[in-house]
Amino acid sequence: MTLVAYHNDPKLKARVLAKIQAHRMADEIAKGAYVRAGVVPTYCAVGCVLEDPDGGHMRYEAEFGIPAQLAYLEDGIFEGLPNDLAIPWPERFMDAIQVGADLSKVWPQFAVWLMTDEEWGLMYVTEAEDVKAICQRVADGYTRDVEGNPLSDEDVEALKRDARAARDARAARAARAAWAARDARAAWAARDAR
């Protein structure tokens, strides 16, 4: 399905921005909940657009022609920003999207950056070779998608399986290390008790 930002309707974009601006001006944008009822309702980045207590990220596609991944990204960035930058973020994010734009390649390009950027990429914040290898495979898969040659469903499932296996192996190693540390503490305590 091809998505066209704001369904190529400048009036839709204007309505979205006006709604966000009204919530911002009323001091109703806050981190921590999609929609929080109370004396003064508060809304997160996605909530201030949709006013949906369940988030509604998937609704971005049907209502605004914006891929749902970008709604999740918008929200994730919003929650991570300091308040002085978070509050204007939803408006800045939605305003940056050009009416009629094809945003289908934005998430894949961002995912490649997230995996491989030499300063911020996941590959460079770990020493674990298995994690680096999975990051590279994910980046390669998204690069293929950007180039118009996406992975097959079987390749995607294999990558997911391998990523889960790497995660589970790391968790098992961490659990073994925790047990070894506990046993070492117990041995030291027993030695000191003599």
Side-chain angles (χ1 to χ4, degrees), residues 1-115 117 120-122 135 138-139 141-146 148 150-151 153 156-157 159-161 163-164 167:
M1 173 174 79
T2 302
L3 298 175
V4 177
Y6 295 111
H7 302 298
N8 209 26
D9 181 356
K11 291 178 185 175
L12 175 59
K13 180 177 180 175
R15 285 192 306 272
V16 167
L17 292 174
K19 187 174 197 177
I20 297 169
Q21 183 180 40
H23 285 301
R24 181 179 50 77
M25 304 274 295
D27 200 26
E28 295 175 343
I29 299 177
K31 297 190 294 186
Y34 293 122
V35 177
R36 186 179 309 132
V39 177
V40 176
T42 56
Y43 306 92
C44 71
V46 170
C48 71
V49 176
L50 298 173
E51 298 175 355
D52 184 336
D54 297 321
H57 298 74
M58 295 304 293
R59 289 176 48 199
Y60 264 44
E61 295 185 0
E63 294 191 28
F64 310 125
I66 297 171
Q69 296 101 325
L70 299 186
Y72 285 104
L73 182 60
E74 174 190 12
D75 234 0
I77 291 171
F78 170 79
E79 293 294 338
L81 289 171
N83 281 340
D84 63 321
L85 297 175
I87 303 309
W89 175 248
E91 198 170 348
R92 290 181 60 209
F93 182 87
M94 296 301 275
D95 190 36
I97 297 171
Q98 298 299 308
V99 173
D102 174 3
L103 304 175
S104 63
K105 301 301 181 195
V106 173
W107 172 252
Q109 290 170 341
F110 182 80
V112 170
W113 173 86
L114 185 64
M115 296 292 125
D117 182 77
W120 302 102
L122 295 176
C135 289
V138 168
Y142 277 118
T143 298
R144 284 183 53 179
D145 186 45
V146 169
L151 296 175
D153 291 343
V156 169
E157 288 306 314
L159 183 53
K160 286 181 187 177
R161 184 185 60 245
R164 282 190 296 272
R167 179 201 63 208

(request) Please tell me if the side chains of Asn8 and Val99 come closer than 4.5 Å, counting only heavy atoms from C-beta onward. (result) yes

(message) Surrounding CH2 of Trp113 (heavy atoms of other residues, nucleotides or ligands, distance under 6.0 Å), is the total greater than 12?
(response) yes

(request) Side-chain contact test, heavy atoms from C-beta onward, threshold under 4.5 Å: evaluate it for Met94 versus Ile66 and give yes or no. (result) yes

(request) Nearest 0.5 Å please: distance from the CE atom of Met58 over to the CG atom of Asp52. (result) 12.5 Å

(request) For the pair Leu50 and Tyr60, evaluate side chain to side chain contact (heavy atoms under 4.5 Å, CB included) and give the outcome as yes or no after the intermediate values. (result) CA-CA 9 Å; Leu50 298 173; Tyr60 264 44; 3.9 Å; yes

(request) Give the minimum heavy-atom separation between Gln98 and Ala5, together with the two atoms involved. (result) O-CB, 3.3 Å

(request) Specify whether Tyr43 and His23 have parallel, tilted or perpendicular ring planes, treating 30° as the upper limit for parallel and 60° as the lower limit for perpendicular. (result) tilted

(message) Does atom CZ (Arg92) have a neighbourhood of more than 12 heavy atoms from anything else shown, all under 6.0 Å?
(response) no

(request) Indicate the atoms forming the closest heavy-atom contact of Asn83 with Pro88, along with that distance. (result) O-CD, 4.5 Å

(request) Give, for atom CD1 of Ile87 and atom CZ of Phe78, the distance between the pair rounded to the nearest 0.5 Å. (result) 5.0 Å

(message) Give me the atom names and distance for the closest heavy-atom approach of Ala139 to Met115.
(response) CB-CB, 3.9 Å

(request) Report yes if some heavy atom in the side chain of Tyr142 is under 4.5 Å from a heavy atom in the side chain of Leu151; otherwise report no. (result) no

(message) With heavy-atom distances below 4.5 Å as the criterion, would you say the side chains of Asp95 and Lys13 are in contact?
(response) yes

(request) May I ask you to check whether over 12 heavy atoms, not counting those of Asp84, lie within 6.0 Å of atom CG? (result) yes

(message) Which heavy atom of Cys135 sits nearest to which heavy atom of Leu122, and what is that distance?
(response) SG-CB, 3.7 Å

(message) Any non-hydrogen side-chain atom of Ile97 less than 4.5 Å from a side-chain atom of Phe64?
(response) no

(message) For the CD atom of Glu63 and the NE2 atom of His7, what is their distance to the nearest 0.5 Å?
(response) 8.0 Å

(message) Donor-acceptor check, side chain of Lys105 to backbone of Asp145, threshold 3.5 angstrom: yes or no?
(response) yes

(request) Kindly indicate whether the side chain of Trp89, heavy atoms from C-beta on, has any atom under 4.5 Å from the side chain of Glu79. (result) no

(request) Indicate the atoms forming the closest heavy-atom contact of Lys19 with Val49, along with that distance. (result) NZ-O, 3.0 Å

(message) Which heavy atom of Leu81 sits nearest to which heavy atom of Lys31, and what is that distance?
(response) O-NZ, 2.5 Å

(message) Does any part of the side chain of Cys48, heavy atoms only, come nearer than 4.5 Å to the side chain of Glu28, both counted from C-beta?
(response) no

(request) Would you give the length of the straight line joining atom CH2 of Trp107 to atom CG of Leu114, rounded to the nearest 0.5 angstrom? (result) 6.0 Å

(request) Side-chain contact test, heavy atoms from C-beta onward, threshold under 4.5 Å: evaluate it for Phe110 versus Leu70 and give yes or no. (result) no

